[in-house]
Amino acid sequence: MAIIHKKVWKEYFEEIVSGKKKFELRLADFEVGKKDTLILEEWDKDKKEYTGRKIETAATYTIKTKDTEFWPQEDIDKYGFQIIQIEPKVEFPKGVEIVGGVIIENSEGKIFMAKAPKWSNKWTFPGGHIEPGEKIEEALAREAKEETGIRNIQPVGIVSFGELINSKDFHRPSHFIYFDAYCKTANSKVKLDNDELTEYGWFSPKEALKLDLAESFDKSIKDYLKFKENNNKK
């Protein structure tokens with residue numbers, strides 16, 4: 001079974017993600033068969049760049065013909081074209097994943113947020129998988145340091161937890177059980193890895209809630225605020 005990457009215009013990508021569009025009309029300049037995997041990557045045709053979002057699909061049926069006006073006649077004469085029936089893969093490639101995010105608060109009371117390519121370039125926290133043998137807070141502090149370059153991150157507590165299945169923003173099928181840790185730092189010096197995270201900023205919680213946040217991150221910020229409020233009452 002082959003794995004094939006192809007770009008998809010934004011308007012069509014949304015239809016595929018929603019389940020409304022279950023076929024692909026493609027120039028037959030590549031080979032694809034039943035059970036092959038098509039990884040469709042969202043393409044902004046105006047900016048001429050990938051958005052970072054992608055969806056993994058399974059080719060279940062194909063037809064080839066030579067009757068359309070979508071492509072130059074010479075290409076049609078050379079290749080023909082194909083219609084590919086597709087269905088999103090429902091299996092979870094990594095099973096149930098234990099993950100977490102890190103809300104890092106600096107000395108000014110602002111929290112660190114960054115854009116994440118794996119989350120449709122939306123705003124998120126640093127974070128990642130909790131490895132066997134690691135305590136939750138230790139694992140998340142490690143992930144935060146690796147992704148942001150911020151040192152002296154001090155865990156305060158777990159502020160949020162939940163379950164996220166096949167997020168509309170994440171780049172692949174996933175079933176997450178997640179925990180969010182609240183950490184403090186006196187050091188606001190950042191050195192991104194530019195892989196997991198790109199553009200970043202320090203925001204008040206109120207400002208952060210107005211950002212284009214990836215799914216579930218608004219809940220995490222609200223839970224963080226509740227955690228601080230409850231601790232202040234003690």
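We count residues from 1, following the sequence as given. Values reported hereafter were calculated over all heavy atoms of this structure, with side chains retained and with hydrogens, waters and symmetry mates removed.
Annotation: the span from Arg53 atom CZ to Lys10 atom NZ amounts to 8.0 Å, rounded to 0.5 Å. Taken from CH2 in Trp43 to CD in Glu41, the straight-line distance is 10.0 Å, to the nearest 0.5 Å. Note that CZ of Arg172 is 11.0 Å distant from OG of Ser167, once rounded to the nearest 0.5 Å. A distance of 11.0 Å separates CD1 of Ile104 from CE of Met113, quoted to the nearest 0.5 Å. Here the CH2-CG distance, from Trp119 to Asp169, works out to 7.0 Å after rounding to the nearest 0.5 Å. If you take NZ on Lys122 and OG1 on Thr51, they are separated by 10.5 Å, rounding to the nearest 0.5 Å.
Leu164 and Ile136 are not part of a single hydrophobic cluster, where members link through side-chain heavy atoms under 4.5 Å apart. Follow the hydrophobic side-chain contacts under 4.5 Å out from Phe179 and you never reach Ile111; the two are in separate clusters. Both Ile103 and Phe203 are members of a single hydrophobic cluster when ILVMFWY side chains are connected at heavy-atom separations under 4.5 Å. Hydrophobic clustering of Ile, Leu, Val, Met, Phe, Trp and Tyr side chains at less than 4.5 Å, counting indirect connections, unites Ile98 with Leu140. In the hydrophobic clustering of ILVMFWY residues, with side-chain heavy atoms under 4.5 Å counting as a link, Ile165 and Phe176 come out apart.
At a threshold of 4.0 Å, the pair Lys228-Glu105 counts as salt-bridged, since one of the basic side-chain nitrogens sits closer than that to a carboxylate oxygen. In this structure, Glu199 pairs ionically with Lys115, as a charged nitrogen and a carboxylate oxygen lie closer than 4.0 Å.
For Tyr200 and Phe112, the distance between ring centers is under 6.0 angstrom. Between Phe217 and Trp123, the distance separating the two ring centers is not shorter than 6.0 angstrom.
At most 12 heavy atoms of other shown residues, nucleotides or ligands fall within 6.0 angstrom of atom OH in Tyr12. By the 6.0 Å contact criterion, CD on Glu163 is enclosed, its count of non-hydrogen atoms from other residues, nucleotides or ligands being greater than 12. The local environment of CZ in Phe161 is sparse, with at most 12 non-hydrogen atoms from other residues, nucleotides or ligands closer than 6.0 Å. Other residues, nucleotides and ligands place more than 12 heavy atoms under 6.0 Å from the CZ atom of Phe227. Heavy-atom contacts from other residues, nucleotides or ligands closer than 6.0 Å to NZ of Lys78 number 12 or fewer.
Pairing each heavy atom of Ala2 with each of Asp36, the nearest pair is N-OD1, 2.9 Å. Among all heavy-atom pairs drawn from Asp180 and Gly100, the shortest one is OD1-C, 4.3 Å. Across all non-hydrogen atoms, the minimal contact from Gly157 to Glu137 is CA-OE2, 3.5 Å. The minimum heavy-atom distance between Val32 and Ala59, with the atom names listed, is CG2-CB, 4.0 Å.
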Open item on the list: Apply salt bridge (Lys or Arg N to Asp or Glu O under 4.0 Å) to residues Lys48 and Asp44 and explain how you reach the verdict.
Closed with: CA-CA 5 Å; Lys48 296 183 179 180; Asp44 188 321; over 6 Å; no

- [ ] Go through the steps to decide whether Gln82 and Thr62 satisfy the test side-chain hydrogen bond (donor to acceptor under 3.5 Å, both in side chains), and finish with yes or no.
- [x] CA-CA 7 Å; Gln82 55 192 329; Thr62 64; 5.4 Å; no

Task: Ser160/Lys219 under side-chain hydrogen bond (donor to acceptor under 3.5 Å, both in side chains): CA gap, chis, key distance, verdict - done: CA-CA 8 Å; Ser160 184; Lys219 174 185 179 300; 3.3 Å; yes

Atom pairs and distances, side-chain donor-acceptor, residues 148-156, under 3.5 Å, sequence neighbours left out:
residue	atom	partner	partner atom	Å
Thr148	OG1	Ala144	O	2.6
Thr148	OG1	Ile150	N	3.1

Side chains of residues 204-212: which donor-acceptor pairs under 3.5 Å do they make with residues two or more places apart or in other chains?
residue	atom	partner	partner atom	Å
Ser204	OG	Glu207	N	3.1
Ser204	OG	Glu207	OE1	3.4
Glu207	OE1	Ser204	N	2.9

What pairs of donor and acceptor atoms, side-chain ones from residues 126-134 against any protein atom, are under 3.5 angstrom apart with sequence neighbours left out?
residue	atom	partner	partner atom	Å
His129	NE2	Glu97	OE1	2.6
Glu134	OE1	Glu131	N	3.2
Glu134	OE1	Arg142	NH2	2.9
Glu134	OE2	Arg142	NE	2.6

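Ile4 pairs in a side chain to side chain contact (heavy atoms under 4.5 Å, CB included) with only one of the listed residues (Leu38, Leu40, Thr37), which is Leu38.
Ring-plane geometry between Tyr224 and Tyr182 is classed as perpendicular, the angle between the planes exceeding 60 degrees on a 0 to 90 degree scale with a lower cut at 30.
Phe170 does not carry Lys118 over the face of its six-membered ring by the limits of under 6.0 Å from the centre and within 45° of the normal. Both tests pass for Lys21 against the ring of Phe23: distance under 6.0 Å to the centre and angle within 45° of the axis.
When side chains are defined from C-beta on, Glu42 does not count as touching Val17, because their heavy atoms never get closer than 4.5 Å. Between Glu24 and Lys6 the shortest side-chain heavy-atom distance does not fall below 4.5 Å. Looking only at side-chain heavy atoms (C-beta outward), Asn106 and Trp202 come within less than 4.5 Å of each other. Using a 4.5 Å heavy-atom threshold, the side chains of Thr124 and Leu197 count as touching. Contact of the Ser220 side chain with the Phe125 side chain is registered, since non-hydrogen atoms from C-beta on lie closer than 4.5 Å.
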